[in-house]
Amino acid sequence: MLVIGLTGGIGSGKSTVADALAASGAAVIDTDVIARELTEPGQPALREIAATFGADLIGPNGRLNRDALRALVFSNSDARARLEGILHPRIKDRMLKQLAETDAPYAVLVIPLLFETNQHTLVDRVLVVDLPESEQRQRVRLRSGLTDGEIDRIVSSQISRAERLARADDILDNSRDRPALLAQVEGIHRTYLALADGLNDREDC
Ligand code: ADP
């Protein structure tokens, strides 16, 4: 099956693009959603997180304090690597299982830190949603209420716009309005259907 990795910086428009591709018939698998499911109360990954980072990360309701965990790994690359060691193999397993179960013409894996975590090796093509940093910051500000300092820290922890663009196979320009983005999504969807068709023809031979 044709597998597309959808990535882009925070607030670039990944969810907007993923929703539109899903509405067109692609199978969309979102690693953030999987990560949240894996850390629901009672899940083995959550127990391992508590054993590794301390039970005080779990509230009295059994729920993970996501803000505290994020703060911990943000300032400590060793802790971040350990967290990734717990979550990534499980995310990959679940992703592959969902991929195997889908009968959509192609699949889209939404992976915000695709390059940063070397997950581009899992996909056939990388689709990047792009926009200028000033516009990106403005959209994040409007959506999240994060401070400029917090936005700076997040943006600078991700690879640069230039590097992301250099490593993309396909690029969607989200610097303009939503209709302009959705028109491009329609085009890329047709491209992926054609590529998926080509792959199926080869497999039939
Ligand atoms: P991501 O998933 O990459 O963080 P989203 O798809 O959630 O990005 O988009 C970030 C924010 O910007 C959301 O509030 C979304 O509604 C808004 N947005 C996305 N595309 C556009 C656009 N072309 N014009 C204006 N706002 C947009």
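Order of appearance sets the numbers: ligands from 1, and atoms from 1 within every ligand.
- Under the 4.0 angstrom criterion for non-hydrogen atoms, Ser175 is not in contact with ligand 1.
- Regarding atom 2 (O) of ligand 1, its nearest protein heavy-atom neighbour is Ser15 OG, 2.7 Å.
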Mind listing the side-chain donor-acceptor pairs of residues 86-93 below 3.5 Å, one per line with the distance, residues two or more places apart or on another chain?
unit_1 : atom_1 : unit_2 : atom_2 : d
Arg90  : NH1    : Glu48  : OE1    : 3.2
Arg90  : NH1    : Ile86  : O      : 3.1
Arg90  : NH2    : Glu48  : OE1    : 3.1

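- Between the side chain of Gln158 and the backbone N or O of Leu113, no donor-acceptor pair lies under 3.5 Å.
- Scanning all protein heavy atoms for the shortest distance to atom 26 (N) of ligand 1 gives Arg178 NH2, 3.5 Å.
- Contact atoms of ligand 1 toward Gly9: 3 (O) (distance under 4.0 Å to a heavy atom of the residue).
- With respect to Asp148 and Arg137, no salt bridge is recorded, no charged nitrogen being found less than 4.0 Å from a carboxylate O.
- Applying the 4.0 Å criterion to heavy atoms of Thr16 picks out, from ligand 1, the atoms 5 (P), 6 (O), 9 (O), 19 (C).
- The shortest heavy-atom distance from Gly8 to ligand 1 is not under 4.0 Å.
- Of all the listed residues (Asn174, Asp19, Leu131), Asn174 holds the heavy atom that lies closest to atom 20 (N) of ligand 1.
- Salt bridge absent: Arg36 and Glu40 never bring a charged side-chain N and a carboxylate O closer than 4.0 Å.
- Of the residues listed (Leu131, Asp173, Leu172), the one engaging Leu181 in a side chain to side chain contact (heavy atoms under 4.5 Å, CB included) is Leu172, and it is the only one.
- Relative to atom 13 (C) of ligand 1, the option among Gln138, Arg143, Glu135, Arg176 with the closest non-hydrogen atom is Arg143.
- Considering backbone and side-chain N/O atoms, Leu181 never comes within less than 3.5 Å of an N/O atom of ligand 1.
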If you look only at distance, which donor and acceptor atoms sit under 3.5 Å apart when one is on a side chain in residues 102-112 and the other is two or more places apart or in another chain?
unit_1 : atom_1 : unit_2 : atom_2 : d
Thr102 : OG1    : Ala104 : N      : 3.0
Tyr106 : OH     : His189 : ND1    : 2.8

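- At the shortest separation from atom 8 (O) of ligand 1 among protein heavy atoms lies Gly13 N, 3.0 Å.
- Using a 3.5 Å distance cut-off with no hydrogens or angles, the side chains of Glu150 and Thr147 do pair a donor with an acceptor.
- For atom 24 (N) of ligand 1, the nearest non-hydrogen atom from the set Gln136, Arg139, Lys14 belongs to Arg139.
- In the model, Arg66 has a side-chain atom that pairs as donor or acceptor with a side-chain atom of Thr39 under 3.5 Å.
- Salt-bridge formation is detected for the pair Arg125/Asp170: a Lys NZ or Arg NE/NH1/NH2 atom is positioned less than 4.0 Å from an Asp or Glu carboxylate oxygen.
- Under 4.0 angstrom from ligand 1, the non-hydrogen atoms of Asp177 all belong to its backbone.
- Considering backbone and side-chain N/O atoms, Ile10 never comes within less than 3.5 Å of an N/O atom of ligand 1.
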